[in-house]
A.B. asks: 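Just dropping this structure here.
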Amino acid sequence: MKKKTSLLALCLALCLALTACGGTQTTQSEDESGSAAPDVSASAEAEPVEEPTETSEVEADTSTTAASSEGSENTSIIFETVEGSVIADDGTEIVTYSYQVPTVTLADSAAQAAVQADLDAVVETFAAYVQGEFATQAKEAYATYYEGTEDGSYGFSDDMTFVVSRIDDAVISLVIDEVGYSGGAHGWDTRYCRNYDAQTGEALTFDMLGENFRAKAEELVLAKADEMQEEEEIFFENYADYILEVVCDGTELCADVYAQLYPDLYGADSSEEAPEGTLEPTYYLTQEGVIFLSGEYVMQPYAGGIVEFSFSYDDLIDVMNSQYML
């Protein structure tokens, strides 16, 4: 699973340099933009989704609950929630998980198929992970530390949810949260995004948003981070170096970014190999503007939460294609 592998690799690198867990938390887009992404409300039912295939190493029980939807008649996404658990050999529930399965409706069938295929891949990757690698880790940990004891506090969990940030005839933008726990002092929250051109189904890249969009976004994020750091020390001392992981559209190669950020681990002369593939997109569009994410342990320590940098379309008017603005 690309994002889990990337997170583990980042943690390995950070362990060499970071020990602090102080800071303050800014997690919701309404902190700076004045409005959060819209809630999902109940609506029409979608076609039943196929339940995930059980793995050979664990017993995984799943169930599907009712659908909810977001959007208009011709441009909409319906979600169904799948919940499941993994049971140890002695009958103890050792993993709980849930995820949403989106069904996309667009006016153009080719665009609809492209967006649907990409979101299906997100869901399938998550389902395979929680029922495979994650469940196996939980089963091994349970057998090693908890089986046969009276300690009832054991339990792994992982939940994936979608929030539709913007959906209209120009843009579909979603925020994806994976919140979980696998032992230790605290859990994790991995937040990333998906952005599409609603007319073509293409993933929105910075080049599509505007020729100089990336450079302007980096400038704005660093300026906002500097202001926040002066008011309250939220970020790591070298936070500016990690702009490469905050302004991402999903085209950035992990190998290139890791080699630049962590040359001792992933440089040309190192023995470690960076994860394959690209970084996850870390921006999304709203009715008011564009928001960039600094995830856990990127610019700030764990206690800093996930920091969101919000900018209005007016802030980007000189560099952003008008077709994607409101």
Side-chain angles (χ1 to χ4, degrees), residues 1-29 31-32 160 163 165 175-180 182 184-195 206 214-215 217-267 272 274-275 277-284 290-311:
M1 188 173 186
K2 179 178 66 177
K3 53 187 166 292
K4 298 289 185 184
T5 304
S6 300
L7 182 59
L8 290 172
L10 286 174
C11 289
L12 173 64
L14 288 167
C15 284
L16 300 178
L18 308 175
T19 57
C21 281
T24 58
Q25 185 172 9
T26 306
T27 58
Q28 296 296 330
S29 60
D31 290 341
E32 297 188 32
M160 182 179 71
V163 172
S165 167
V175 182
I176 307 168
D177 259 316
E178 291 187 26
V179 179
S182 57
H186 50 68
W188 71 82
D189 183 350
T190 302
R191 187 175 301 171
Y192 53 103
C193 309
R194 285 293 186 273
N195 305 284
F206 292 151
R214 183 187 294 272
E218 290 182 352
E219 175 189 329
L220 290 172
V221 169
L222 286 177
K224 180 70 69 70
D226 289 344
E227 293 176 5
M228 296 169 66
Q229 190 75 340
E230 288 183 5
E231 295 175 1
E232 187 173 1
E233 292 187 1
I234 297 173
F235 305 109
F236 295 131
E237 184 176 346
N238 60 336
Y239 64 91
D241 295 341
Y242 295 91
I243 189 66
L244 297 175
E245 295 183 284
V246 176
V247 180
C248 299
D249 64 359
T251 63
E252 301 82 4
L253 292 175
C254 291
D256 293 343
V257 174
Y258 282 26
Q260 184 169 341
L261 292 179
Y262 316 107
D264 293 340
L265 284 176
Y266 302 107
E272 297 289 338
T278 58
L279 298 180
E280 296 285 3
T282 55
Y283 83 100
Y284 62 97
V290 184
I291 296 176
F292 299 89
L293 305 173
S294 176
E296 293 177 346
Y297 294 117
V298 177
M299 279 187 167
Q300 69 285 347
Y302 176 83
I306 296 175
V307 176
E308 299 197 336
F309 301 95
S310 302
F311 304 100

A.B. asks: Would you please indicate if the ring centroids of Phe206 and Tyr283 are separated by under 6.0 Å?
C.D. replies: yes

A.B. asks: For Met299 and Ile243, what are the C-alpha separation, side-chain angles and deciding distance, and is it a side-chain contact (heavy atoms from CB on, under 4.5 Å)?
C.D. replies: CA-CA 8 Å; Met299 279 187 167; Ile243 189 66; 4.2 Å; yes

A.B. asks: CD of Glu252 to CD of Glu280: how many Å apart, nearest 0.5 Å?
C.D. replies: 10.5 Å

A.B. asks: Would you say the side-chain atoms of Ser294 pair up with the backbone N or O of Val246, donor to acceptor, closer than 3.5 Å?
C.D. replies: no

A.B. asks: Please lay out, stage by stage, how Asp177 and Val163 fare under the test side-chain contact (heavy atoms from CB on, under 4.5 Å).
C.D. replies: CA-CA 8 Å; Asp177 259 316; Val163 172; 6.0 Å; no

A.B. asks: Minimum heavy-atom separation for Ala217 and Phe292, please, with both atom names.
C.D. replies: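 Smallest interatomic distance, heavy atoms only, reads CB-CZ, 3.5 Å.
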
A.B. asks: Rounded at 0.5 Å granularity, tell me how far CD in Glu227 sits from CD1 in Ile234.
C.D. replies: 11.5 Å

A.B. asks: Please evaluate residues Val221 and Phe311 with respect to the criterion side-chain contact (heavy atoms from CB on, under 4.5 Å), reporting the C-alpha separation (whole Å), side-chain torsions for both, the decisive distance (0.1 Å), and the verdict.
C.D. replies: CA-CA 9 Å; Val221 169; Phe311 304 100; 3.8 Å; yes

A.B. asks: Measuring from Tyr302:OH to Asp189:CG, what's the distance to the nearest 0.5 Å?
C.D. replies: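 It comes to 8.0 Å.
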
A.B. asks: Would you check if Ile176 and Arg194 make a side-chain contact, meaning some heavy-atom pair closer than 4.5 Å?
C.D. replies: yes

A.B. asks: Side-chain contact test, heavy atoms from C-beta onward, threshold under 4.5 Å: evaluate it for Cys254 versus Leu279 and give yes or no.
C.D. replies: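 Result yes, sub-4.5 Å side-chain heavy-atom pair found.
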
A.B. asks: Please check: side-chain N/O of Glu230 versus main-chain N/O of Ala225, any donor-acceptor pairing under 3.5 Å?
C.D. replies: no

A.B. asks: Are Tyr192 and Leu293 close enough that some pair of their side-chain heavy atoms sits under 4.5 Å apart?
C.D. replies: no

A.B. asks: Specify the closest pair of heavy atoms between Leu265 and Glu272, including all atoms of both residues, with the distance to one decimal.
C.D. replies: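 Where Leu265 meets Glu272 most closely, the heavy atoms are O-CB, 2.9 Å.
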
A.B. asks: Rounded to the nearest 0.5 Å, how far does CD of Glu237 lie from CD of Gln229?
C.D. replies: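 Here the interatomic distance stands at 9.5 Å.
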
A.B. asks: Do Tyr284 and Glu308 get their side chains close enough for a donor-acceptor pair, meaning under 3.5 Å?
C.D. replies: yes

A.B. asks: Where does the angle between the aromatic ring planes of Tyr297 and His186 fall among parallel (under 30°), tilted (30 to 60°) and perpendicular (over 60°)?
C.D. replies: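 Correct class here is tilted.
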
A.B. asks: Does Tyr258 offer a backbone N or O that forms a donor-acceptor pair with the side chain of Gln260 under 3.5 Å?
C.D. replies: no

A.B. asks: When you measure from the side chain of Thr282 to the backbone of Cys248, do you find a donor-acceptor pair of N or O atoms at a distance under 3.5 Å?
C.D. replies: yes

A.B. asks: Measuring only between side-chain heavy atoms, which start at C-beta, is Met228 closer than 4.5 Å to Tyr239?
C.D. replies: no

